[in-house]
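First up is the structure itself, then whatever we jot down about it.
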Amino acid sequence: MDEKRASGRYYTRGNPFQLKPFQTWAEASHLEQKVALEPFAGAKDIPQLINSANLQCRDWAFFDIKPAAGGIVQRDTLADFPIGFDVCITNPPWLARNSATRRGLPFPEATRYDDLYKYALEQCLTHCGWVAAIIPEAFIRSGLFLERLSDFVSLVPQTQGATGQKNKTIDTSYMFEDTEHPVGLALFAPQTTSDVKIWRNNRFLGGLNELRRYLPRPSANRSIVFNDPNGNLGLIAIDNTVSASIRFCPPAELGDYPIRVHCRSITKIGVPWRVDIDLLNARLATIREKTHDVFLTAFKGIRRDGCYRRRLDWALTRAIVDTKHPQPEMNLE
Ligand SMILES: C[S@@+](CC[C@H](N)C(=O)[O-])C[C@H]1O[C@@H](n2cnc3c(N)ncnc32)[C@H](O)[C@@H]1O
């Protein structure tokens, strides 16, 4: 498993190339006339998916450090990226730097990024005009490479719900064979884009700039203290497995729950004024509804209502709680 993790080998599953935004991108890039580059080809799953989405390219060029199928050139493409390709479709290796350190795995010296996929993506964008990449869903919160990003699709396994019935998952084909990691499809163009279109599968959610407008102004108010055992505000910062359940609550509801310094899921917050819990929950609900949770970190596991479970981070929490001291426009970076 660690060997697999070291080279970021999680193969693509599911078919995001059938989705509208990819189909539009394929047309705009004149995919059918191009030789498409797959610089991290693995077992060559991507061309099969492209075929079964009824798309074609003129030809493919495959590279991988450890080819898992025939017809792939063995090459360390992170160190020596193939040049001369206008279109790149890939699922790059991903490995968090801290995970590599913890496991004693090598991590390229050449990069300042916290995850290998960001470095891989930078290489693709430097050398290719049109880039389609399956990457962690958290990418959209990183603020990286936005200039040429035209679309970002949060890929959520399809579920079917019926009123009065327990929701039933009909397709649990997660994008990666070995993990349930939330993933997205990023589509880049050669030129600067005016805004990033955000999608959940085939559903258009809005432009990134438009969605950002629903975020509260950021707060640098350090008098709001997290993980304060005597705090006057409780927060359950992670959705349960059923629905969008993140909420503020009276601290008493958390009882003697041990407040740990590094805990990011349940906390007591010290706020130096009387808090209106209903108001804060209403603010949170509006933000979630209007932004479709695009700015909340998704993590492993689909809720029973078919959406990813989400976490509310401290920066956004502080901005919601700080009703008294609004600051300039929020920038998530
Ligand atoms: C996430 S897998 C994706 C495989 C394939 N793109 C797919 O979607 O099925 C990442 C691939 O990157 C390859 N890889 C990792 N580091 C590499 C490097 N430095 N140069 C070339 N390939 C690399 C791994 O061997 C693995 O096959």
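All residue numbers in this chain count up from 1 along the given sequence. Just so we're clear, the structure is a prediction, and the values are computed from it rather than from any experiment. These values consider heavy atoms only, across backbone and side chains, with no hydrogens, waters or symmetry-generated copies. Whatever order the structure lists ligands and atoms in, that order sets their numbers, starting from 1.
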_Under a 3.5 Å cutoff, is there a donor and acceptor pairing between the side chains of S219 and N221?_
no
*Can you list every side chain to side chain donor-acceptor pair (under 3.5 Å) pair that touches residues 22-36, not counting sequence neighbours?*
K34-D86
*Is the side chain of N201 donor-acceptor paired with the backbone N or O of R203 at a distance under 3.5 Å, no angle test?*
no
*Return the option from W94, Y117, F40 holding the heavy atom at the smallest distance from atom 12 (O) of ligand 1.*
F40
Should the proximity of [X] to ligand 1, defined as any heavy atom under 4.0 Å, be assigned to the side chain, the backbone, both, or neither?
X   : result
N91 : both
A41 : backbone
A68 : neither

Close-contact set for ligand 1 against [X] heavy atoms, below 4.0 Å:
X   : result
L78 : 19 (N), 20 (N)
I46 : 8 (O)
P92 : 1 (C)
D45 : 9 (O)
G42 : 4 (C), 27 (O)

*Is V183 close to E137 at the side-chain level, that is, under 4.5 Å between some pair of heavy atoms?*
no
*asked:* Applying salt bridge (charged side-chain N to carboxylate O under 4.0 Å, His left out), can you list everything that pairs with R318, at least two apart in sequence or on another chain?
replied: none
*Quick one: pull up CG in L78 and OH in Y119 and give me the separation to the nearest 0.5 Å.*
6.0 Å
*Any Lys/Arg nitrogen of R303 or D239 sitting under 4.0 Å from an Asp/Glu carboxylate oxygen of the other?*
yes
*Answer yes or no: is there an ion pair linking D293 with R288, defined by an N-O contact shorter than 4.0 Å?*
yes
*Hey, does A43 come in under 3.5 Å of ligand 1, counting only N/O atoms on both sides?*
no
*Does any N or O atom in D76 lie less than 3.5 angstrom from one in ligand 1, N or O only?*
yes
*Verdict with reasoning, F17 to F22, per ring pair (Phe, Tyr, Trp, His ring centres under 6.0 Å)*: CA-CA 6 Å; F17 306 120; F22 185 82; 4.7 Å; yes
*For ligand 1, is P108 a contact, meaning one of its heavy atoms is under 4.0 Å away?*
no
*Does ligand 1 have an atom that lies less than 4.0 angstrom from a heavy atom of R75?*
yes
